[in-house]
There are 2 protein chains.
Amino acid sequence: MRKLKTSRQPEILDAALAIADERGLDALSMRAVAERVGVTPMALYGYFRNKDELLDALVGRLLTGLTPSEEAGTGQERLSEIAWATRRLAREHPAVFPLLLFRASVTSDGVRVVDLIYQALLDAGVPEADVPRIERLVSTFVLGFAISEVNGRFSSASDESRTRRGADLPAHRRLVGHLAADDWDAEFAADLADLMRIIRPV
Amino acid sequence: MRKLKTSRQPEILDAALAIADERGLDALSMRAVAERVGVTPMALYGYFRNKDELLDALVGRLLTGLTPSEEAGTGQERLSEIAWATRRLAREHPAVFPLLLFRASVTSDGVRVVDLIYQALLDAGVPEADVPRIERLVSTFVLGFAISEVNGRFSSASDESRTRRGADLPAHRRLVGHLAADDWDAEFAADLADLMRIIRPV
DNA sequence: ACCTGAACACCGTTCAAGT
DNA sequence: ACCTGAACACCGTTCAAGT
């Protein structure tokens, strides 16, 4: 397990993020990153042990931007602020964002965000014994929602064509008129409001 | 847009699923599938236009197993049954399962599952106007939970080492003693119970 | 301390051809 | 109708060497 250089790590991660943003995750190859940095592919292996570790570091870099600037407000307000910031991040970096669901929270940057959420949940009145579970519940939903949105899993095009095929989709037929959603800002807000009802029980 | 053969599609998907189950998603190459089927890589392109469409079809095949055998029970019971079946699917096919979050519901098999969930939510008393949103909320959470679990995002190893690093993780320090979760069955059950409180409001 | 060149064992996919 | 062979433009990574 060789020691890694750190000097140009940020520069390399910047290049990787730029490539993914501009040309998608499939275009994010070691060779492409190297070319953008102005170096041979092999030079990267002095800074990251392999592509997987480079991606882990990239996820860490994304998470850094998630710490809210303002520490004020109630627990619920800070929680909500982190949720919206997460979704904003997904829209800024749709190609790399899905990696968060697979590699998150292992890095030290991820832990920092989790700690902020823990604190927000505590301040919101969640019993200590429930905090870690509720953190996983909320963050799983927020990550899943943001990924689904940027990947088009929610796209209502499917809903349109669904119902037209008639036949064996009784519930769809009954819900015609409610199927054409497309205001994901509003839906995300409604979902968060519902989740808050879990956090602050009767 | 050439017409595709269908004759050996199931056989090809079986081979693809077996490879992913045995050796992971990275090993799922067109070349590997072809070899397992006993054919040249190029022969596959008569059945699927490209690798992406093969993966879409694979997701559809997974979703077929999600339709509950019993149609009985209350809406909440059927909803719960689908949720547990989804999680079971993730444990059976951890490598391919994550694809559900990116490609689900586009296929006709996905639509069938969505219709079952719609019906369950209607029977559970969710207002028609809220059903599609609640379906997305619940399925996003269930998929996200199952993916996080099989990918180790929840692994408590991180929690252990987190707190030891002391310093700037105040909430973690306060929650020592509650951080070492590992009974994901129980956690999933508790999460579902909480979500049911959203579905059946006061 | 930092980087390069050549090589290995892979990819997905196109095109033209074969039965 | 179904399949093959050869080729193209890529991958991640190892190893030995160069300044």
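First the proteins, then the strands, lettered A, B, ... as listed; each starts at 1.
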Donor-acceptor contact below 3.5 Å, side chain K5(A) vs main chain F48(A): no

Separation of dC10(D) C1' from K51(B) NZ (nearest whole Å): 14 Å

Rounded interatomic separation in angstrom, taking CE from M42(A) and P from dC8(C): 16 Å

E22(B) and R36(B) ion-paired at < 4.0 Å: yes

side-chain N/O T40(B) vs dC3(D) OP1/OP2, d < 4.0 Å: no

Nearest-neighbour nucleotide for the P41(A) side chain, dC2(D), dT13(D), dT4(D) considered: dT13(D)

Separation of dC2(D) P from L44(B) CG (nearest whole Å): 14 Å

Phosphate OP1/OP2 of dC2(C) contacted by R8(A) side-chain N/O (<4.0 Å): no

Flag, side chain of N151(A) to backbone of I147(A), donor-acceptor distance under 3.5 Å: yes

d(CG, L54(B); P, dT13(C)) in whole Å: 10 Å

Spacing between E53(A) atom CD and dG12(D) atom P, to the nearest angstrom: 15 Å

Assigned partner base of dT4(D), Watson-Crick or wobble definition, under 3.5 Å: dA16(C)

Test: R112(B) and D109(B) ion pair at under 4.0 Å: yes

Identity of whatever pairs with dA9(D) - Watson-Crick or G-U, under 3.5 angstrom: none

Length of the CE-C1' vector between M30(A) and dG12(D), whole Å: 8 Å

Ion pair check, D194(B) and R133(A), cut-off under 4.0 Å: yes

Length of the CZ-C1' vector between R31(B) and dT14(C), whole Å: 12 Å

Between dT13(D) (P) and Y45(A) (OH): distance, integer Å: 4 Å

Phosphate-side-chain proximity, K5(B) and dC2(D), N/O vs OP1/OP2 below 4.0 Å: no

Sugar-phosphate only, base, or nothing, as touched by F48(A) at under 4.0 Å among non-hydrogen atoms: nothing

